[in-house]
Structure formats: structure tokens, C-alpha cells
Amino acid sequence: MPTSEPDHLPGRRAAHFAVVDPATGETFDEAPDQQPDELDAVVDRARRAWQGWRADPAARTTALRLAADAVETAGDDLARLLTREQGKPLAESHAEIARTAARLRYFADLAPRTRRITDGRPVHSEVRWRPLGPVAAIVPWNFPLQLAAAKFAPALAAGNTVVLKPSPFTPLATRLLGSVLATALPEDVLTVVTGREPLGARLASHPGIRHVTFTGSVPTGRAVAEAAAATLARVTLELGGNDAAVLLDDVDVDRIADRLFWAAFRNCGQVCMAVKRVYAPARLHAEVVEALAQRAKAVAVGAGLDPDTRLGPVNNVPQLARVEQVTKQALADGARAAAGGHRLAGPGYFFAPTVLTDVPTGSPVVTEEQFGPVLPVLPYRSVDEAVDAANGTGFGLGGSVWGTDLDRAEAVAGRLECGTAWINHHAELSLAQPFAGVRNSGVGVAGGPWGLYGNLRPFVVHRPQEA
């Protein structure tokens, strides 16, 4: 996932901080720099709003459906603002808005099921479900609205209230989203707070918060978990991945090259579950490198508001520096750039789509998460070797296997140590499926009914059976 938020963003004036357009590198607006001591009142209002919100499931369903309608109505304004501060092509921003509305509708119609326990005793036992209370949702800058909805939609559907904190790199579209949702939701059921650290740390450790759901870097995720431990709040952490794509020796390179390229480079590679390493059979390695490099050289890179753009900029200066550093390190270690390998000239935070070959297996671009438009392609000589390499980092979010024999590909996919494995595609998720990682990729489950129950606690009622 992205780098941690910096301690300083340029251009701050009293109680505000600058928001930069990554396509130009220039400040185009600012957002409120709310202070940690303001959270007490915010969380207290969320707690008071919770009493009414939790009490009426039918009203929650209606409100969430209306909220989805409101998001769609505001779609054009939301998408343009999202592209302006995040950098992604406008079409992808519209897709993110659509996914946000769809998630609200999905969870609006999802309800927990009461379960009767039959165990031979003369007692009628029933498991019911209760909401947790105010939830803190802390969201990164790569998909600020979609990932926010992945947190607040199940939390709200379960009967909780939410305090939502976006990244200081992308606060504006989230603030606008909060205003849009306020037209459908009761007051203080969802509150957006914006600001720089230590606002997020204070929110995670606030004694009034009962669940902290966070997406971001591993170091920050550990800090969030430590902060939440002080109040024994529940935590859900999605901490990114270093997903491997394993190509088998029967793969049709021409047929899968487009899908594989976009699985790695969509949103300029700034996707937690993007393909970040490709393992190709030694005899096909050169062909795979060439197919991906051709696409990297041909793709249109530019400002997201330009309708011809397919890849936008890296979102922010720290992340651009990270991408540049891991690429330079790989090249210094002996790797070769079959495409790209450098920043693009001119304003903005643009990095050429990069395909690397001859990469040492211990290079950080292989072992760590680069989170940018850089893709190493590594050869292997046996499937066992490829699987060991795919499983050889501390991450375990997703992975994929590509080949013609689907049964064989599925068997190999079953050996990947990750939360989700795809065959002949990657990073495609249904709203109804669970999303979780292993090892450094996170704790807890999002998505589908699992995401709903992650925002609830069981409540058991026992009563004697009638004589």
C-alpha cells in the first residue's frame, strides 16, 4: 500500500492544508486541518446518533438506498474532483463512483441472521447480532471513495455510526461525498474529518471508538493496531500486497498480455491487489517481457482529465520518490528496463510505465511493494520454484495463475499463500465475496456478509422451554 502520510504538507495556512493536483504538481485547493482535540465532540455526536440509528433496521435500509441514489446523482462532480486530486483517468473515477453506490445498495439489503442453537438441553437459545458503536474508518489515497464505502457501507448497515478520515492527499472528494451522503443519512451518522497526523492516530486510539478499520502501509497499520489496543477496540487492517502472477508453460502470451498488463498498471500501479511480480517460464520469459514492454511503451500517459489518457500520474511526491528509488536500485543491481525506467519530463508526478527484466530476486522491487507503474518479470525453471518465489515475501493478499489447462492452473493456485487467487485474470472482486489477506497483508475480513458480521457482535439469549 502507499507510503505513510508525511509529517508536513507544503502550503499550510492556519487550520488548513494544501491539496495538490498530481498532474501539475501545483496546489489547487485546501482542506480543513482538524486537530486531534476536536475528535472528542465528533465521536460523542456519533455515539449519540448511534442510539437512534441502531434501533430501526428498516429506516437504515431506506436511508442507504437513498444514499446510493444521491451518490449517482452527484457522480459527475465527484468524479472530476476525484481525478483532480488523485490523478486517475476520469473514466476510472466514474467507475469508482459507481462502485461506491453499488456497495451502498448491496449492504442496504444485507441483514444478519438470527440463529437458534439446538443442543439437547431444555433451553431455547438464540444468537442475535448487535452493532458495535462508533467506527473509525481511515482510508488511503489510491481509491479514496471506493475504499471508504467498503468500510462505511457495512458499518452503517450493521447499525453503527462512522467517523471517516481520508488521506490528506485526497480529502476533497471525500468531503464532497460526506456532504452528498448527508442528504440521505441522519445527522452525525457519518462524519468526515480531515487533517494531518496525529489526527489519525488520535482517532484510532479514541476511547469512544469501538472498531477501527484501516487501509494503508504495514508500518502505519501496526501503529493503528497498537493505538486501538489501548481501548481494546476491534481492528480490521488491509495492509497491501505484493501479488505474484505465475504464468504456466502452456500459457498463450498474446491472448493474456492485455489482461496481464492492466492487472499490473491500472491506476498507475497504485492498487493493493495489483500484479506486482510476474514469474514466467524461462523459455517464454523473453516473449512475456516483450509483450508487456510493447504495451508499456504504447499506453497514453497524461492528466486524468484528458480523455485520451489511460494512465495518470503517481499521486504524491513521497510515493513518486519511492517508485523512483526502487527502480534505480534494481537498475543499479543489474536489471534492465525493457520499457520506461525513469520519470517523465515536465510538470506533475509522472513516471514512465516500466517493465524490468534481469532483476535480482533480492531486489526491493521484487521483495517489497513498489505501488507504482513498475513491473519486474522474472524467469523460473520449475513450477515448484515459481510457487516458492510467489510465496517468498511477507505479504499474502492475492495472486494469480495463468495457463490453458484450467485444472492444472487451479491446482497451482491452491498452493499460493494468499487471501484470493485468480486464474487467467487478477484483482476482480465481487461485492458478495470476502476480501482478506494473510501475514503482513492484514487482519480481519471485508466484503460480503463477512464484512457485515465484522461490524457486529453476537448476543445470546437463553430462555427455558415451556413445561
Flag, side chain of Q370 to backbone of V323, donor-acceptor distance under 3.5 Å: no
Taking only Lys NZ, Arg NE, NH1 and NH2, and the carboxylate oxygens of Asp or Glu, determine whether K276 and D243 approach each other closer than 4.0 Å. no
Worked check of side-chain contact (heavy atoms from CB on, under 4.5 Å) between R105 and D69: CA-CA 9 Å; R105 286 202 181 92; D69 293 342; 2.7 Å; yes
For N142 and C272, work out which heavy atoms get closest and say how close. ND2-N, 4.1 Å
For D40, check salt bridge (Lys or Arg N to Asp or Glu O under 4.0 Å) against everything at least two apart and list the hits. R202
Cation-pi between R295 and F261: NZ/CZ under 6.0 Å from ring centre and within 45° of the ring axis? no
Hey, is D44 close enough to R48 for a salt bridge, meaning N to O under 4.0 Å? yes
Between L110, L104, L181, D109, which is the residue that forms a side chain to side chain contact (heavy atoms under 4.5 Å, CB included) with L64? L104
With distance as the sole test, does S441 use its side chain to make a donor-acceptor pair with the main-chain N or O of G396 at under 3.5 Å? yes
Would you mind checking if R415 and D388 are paired as a salt bridge, meaning a charged N to carboxylate O distance below 4.0 Å? no
Indicate yes or no: at least one non-hydrogen side-chain atom of L164 is less than 4.5 angstrom from one of V139. yes
Taking it one step at a time, do T100 and L78 satisfy side-chain contact (heavy atoms from CB on, under 4.5 Å)? CA-CA 11 Å; T100 299; L78 283 165; over 6 Å; no
Using only heavy-atom distances, determine whether the side chains of K151 and T215 contain a donor-acceptor pair under 3.5 Å. yes
Could R84 and F28 be counted as a cation-pi pair, given that NZ or CZ must be under 6.0 Å from the ring centre and within 45° of the axis? yes
Measure from the side-chain N and O atoms of R277 to the backbone N and O of A390, and report whether any donor-acceptor pair falls under 3.5 Å. yes
Do E126 side-chain atoms and T114 backbone N/O form a donor-acceptor pair below 3.5 Å? no
Check V192 against G178 and note the closest heavy-atom contact, atom names and distance. CG2-CA, 3.9 Å
Where is the tightest heavy-atom contact between V212 and I209, given as atom of each residue plus distance? CG2-CG2, 3.9 Å
Checking side-chain hydrogen bond (donor to acceptor under 3.5 Å, both in side chains) against E96, which of Q146, K88, Q86 comes through? K88
Heavy-atom nearest pair, R60 first then A55, reads NH1-N, 4.2 Å
Least distance between heavy atoms, P186 atom then W53 atom: CD-CZ3, 3.5 Å
Do N160 and H211 pair up side chain to side chain, a donor and an acceptor below 3.5 Å, judged on atom types alone? no
If we check side chain to side chain contact (heavy atoms under 4.5 Å, CB included) with R99, which of these qualifies: L147, L145, L429? L429
P154 and G451: which non-hydrogen atoms are nearest, and at how many Å? CB-O, 3.7 Å
